[in-house]
Structure formats: C-alpha cells, structure tokens
Amino acid sequence: SLNSLKDFTGKKSVPFEYFTENALLRYEQWMKSGDKKKTTTTIGIYLRSLRAVFNEAIKAGITGHYPFGKGGFSIQNGKGRKIALETDEIKSIFDYEIRNDDAAAFYLDIWKVTYLMNGINIKDLVLLKKENIAGDFICFVREKTKNTAKEKAEIKIFFSEEARQIFLKWGKIEDRKYLVPLLNGNEKEKEIKEKVNNLVRAINHAIKNVANKLEIHKNITCYTA
C-alpha cells in the first residue's frame, strides 16, 4: 500500500490532508489504468490500509481530517469468485471412490481432509505432526505468519473422526513423522516448497477429474475446499 501511494503521489511524505475525496477517486482511477490494471479487490485492500492509518492518526490526535465514511469516499468491494459448492455436490465428492489409481485416491483424500479441517492451507497440513493432535483438536501456528507476527496465534481445528479415518487409510499415524506421508523431515525449505507445489498441482488435477465424472461444472481446486 505504501509503495503504491508513493508512486501515485510522487513523494515520500504528504500530509493527511492531501488525501481528499477527489484525490482518492484519482488514485482509484490511476490504479485501474495503464500497465497497473489492478482489480477492485486489490485497490480495496490498499485503501483499507490507508483508512486504518487515518483511524489511528485521528485516535492519536494527529489529524482531524477524514476523507472516508458517510458523505466521503467509499471503498468498493470486489465481486469475489463464485467457487462455492452446494451441499449435494460436496456429498457426491465425498461418496466418490477412485479405484485402480492409488495416487489419485490419495490426492482426493487430501482434498477431503482439507475441507474437513476448515480449509487448512496445504503447506500447514503437510507440516502437521502427531504432536499437533490434542485430544479432539489439532493445534498449530500458520507457517505464513509464524516468522512475522509478534504474537503467534495458535489455530485450533476440530479433528473429526472422519478426518482421522482418512489419515489412518495412509497407515498408522505413530509410524510416521508427519500426518500426511509426504515429507521425511530432512528437506530444506526450498525442497518443501517444491513438494507442496507439486502436491497442490496433483490435488487440483485429481479433483478436476472427479468433478468432470460427477458432472459438476465448476472449477474446483484446493482453494475451493
């Protein structure tokens, strides 16, 4: 957000009063033009960051100027992607069994587990160990934020019997380092990233094939889960 606003203003520093309603309208059009061509969603993310700074500045008594809100500039919301599945579509995927292709069956199972575990990120999923299981829950810190957040927010997911049984299909949990039998624990970060990316591609390929066979006409991926 900061870099984008610097590019727009051409300056390293401007007063809060610089951002009038008209200035924000110009910024919005500037972001949509030329080689930038940012989406409404992206522009909204940048402007909400700016609005948050204004709210902090007003709270601290630094400025009384506020270009947002009633009668001022309104931040548009993105339309979002129509990727949600209907209940009957989800049920048909869970009822579907892949025979004579163990690899595809494994990838479909991971998609199912991702769904059952609140849409957990694939990298977070493959790094889960048996130590993350706490009774009926799985507790972990997101890989994406563990090195950046000041306070490590622990995520707690209900570990359903259905999810537990899918893990057990791949062998005894006690016999492997990770819940998902993908990593051996000796990989460097670059290799983990490559394996996760390859896994995501394989899952997406498998779930698309299943969707085609079930005649579900939606672009289903890991993200859909």
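Below, all heavy atoms of this structure are taken into account, side chains as well, without hydrogens, waters or symmetry copies. The model shown is predicted, which means the values in this text are computed figures rather than measured ones.
Separation of atoms CG (Leu128) and CZ (Phe140) is listed at 6.0 Å; rounding is to 0.5 Å. The distance from atom CD1 of Ile110 to atom CD1 of Ile166, rounded to the nearest 0.5 Å, is 10.0 Å. Separating the NZ atom in Lys11 from the CG atom in Leu5 is a distance of 13.5 Å, to the nearest 0.5 Å. To the nearest 0.5 Å, the span separating CG on Asn121 from CZ on Arg142 amounts to 4.5 Å. Rounding to the nearest 0.5 Å places CD of Gln165 at 12.0 Å from CG of Leu116. The NZ atom of Lys177 sits 8.0 Å away from the CG atom of Asn186 when rounded to the nearest 0.5 Å.
A 4.5 Å side-chain heavy-atom check between Val14 and Phe19 finds at least one atom pair inside the cut-off. Using a 4.5 Å heavy-atom cutoff, the side chains of Tyr27 and Tyr46 are in contact. A 4.5 Å side-chain heavy-atom check between Ile43 and Gln76 finds every atom pair outside the cut-off. At a threshold of 4.5 Å between non-hydrogen side-chain atoms, the residues Ile207 and Leu108 count as touching. Looking only at side-chain heavy atoms (C-beta outward), Lys195 and Leu183 come within less than 4.5 Å of each other. Residues Phe54 and Leu50 form a side-chain contact, since some pair of their non-hydrogen atoms from C-beta on lies under 4.5 Å apart.
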Item to check | Residues Glu17, Thr63; criterion side-chain contact (heavy atoms from CB on, under 4.5 Å); working and verdict | outcome: CA-CA 8 Å; Glu17 289 72 20; Thr63 183; 3.0 Å; yes
Next on the checklist: For a side-chain contact (heavy atoms from CB on, under 4.5 Å) check, start with the C-alpha distance between Asn132 and Phe159, then their side-chain angles and the critical distance, and finish with the verdict.
Outcome noted: CA-CA 11 Å; Asn132 292 105; Phe159 193 28; over 6 Å; no
Checklist entry - Could you walk me through whether Ile192 and Lys123 pass the side-chain contact (heavy atoms from CB on, under 4.5 Å) check? => result CA-CA 8 Å; Ile192 292 173; Lys123 185 177 182 182; 4.2 Å; yes
Next on the checklist: Quick one, Ile93 with Leu85, criterion side-chain contact (heavy atoms from CB on, under 4.5 Å). Give me CA distance, side-chain angles, the key distance, then yes/no.
Outcome noted: CA-CA 10 Å; Ile93 290 171; Leu85 294 172; 4.0 Å; yes
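A side chain to side chain contact (heavy atoms under 4.5 Å, CB included) with Leu125 is found for one member of Val180, Leu199, Ile138 and no other, namely Val180.
Counting all heavy atoms, side chain and backbone alike, Asp124 lies closest to Ile120 at CB-CG1, 3.9 Å. Between Phe16 and His65, the shortest heavy-atom contact is O-CD2, 3.2 Å. Looking at every heavy atom in both residues, Tyr178 comes nearest to Val126 through CD2-O, 3.5 Å. The nearest pair of heavy atoms linking Cys139 to Lys156 is SG-CG, 3.8 Å. Looking at every heavy atom in both residues, Trp170 comes nearest to Pro181 through CE3-CD, 3.4 Å. Closest non-hydrogen pair, Arg176 versus Lys130, comes out as O-NZ, 3.6 Å.
If you chain together hydrophobic residues whose side chains sit under 4.5 Å apart, Phe158 and Ile133 never meet in one group. Leu127 and Phe137 fall into different hydrophobic clusters, where Ile, Leu, Val, Met, Phe, Trp and Tyr residues are linked whenever their side-chain heavy atoms come under 4.5 Å apart, directly or through other members. Hydrophobic clustering, with ILVMFWY side chains joined whenever heavy atoms are under 4.5 angstrom apart, keeps Tyr18 apart from Leu2.
The backbone N or O of Arg26 lies less than 3.5 Å from no partner atom in the side chain of Glu28, so there is not a single donor-acceptor pair. No donor-acceptor pair closer than 3.5 Å links the side chain of Arg51 to the backbone N or O of Leu47.
Look at Glu56 and Lys59 and you find a salt bridge, because one of the NZ, NE, NH1 or NH2 atoms lies within 4.0 Å of a carboxylate O, short of that distance. Ionic pairing of Lys112 and Glu97 is not present here: no N-O contact between side-chain nitrogen and carboxylate oxygen is shorter than 4.0 angstrom.
Within 6.0 Å of CG in Asp175 there are more than 12 heavy atoms belonging to other residues, nucleotides or ligands. Around atom CD of Glu215, no more than 12 heavy atoms belonging to other residues, nucleotides or ligands sit under 6.0 Å away. Residue Lys32 places its NZ atom among more than 12 non-hydrogen atoms of other residues, nucleotides or ligands, all under 6.0 Å distant.
Checked by atom type, the side-chain pair Arg201/Asn204 shows no donor-acceptor distance below 3.5 Å.
Note on ring orientation: taking the six-membered ring where Trp is involved, the planes of Tyr115 and Trp111 are parallel (angle under 30°, cut-offs 30° and 60°).
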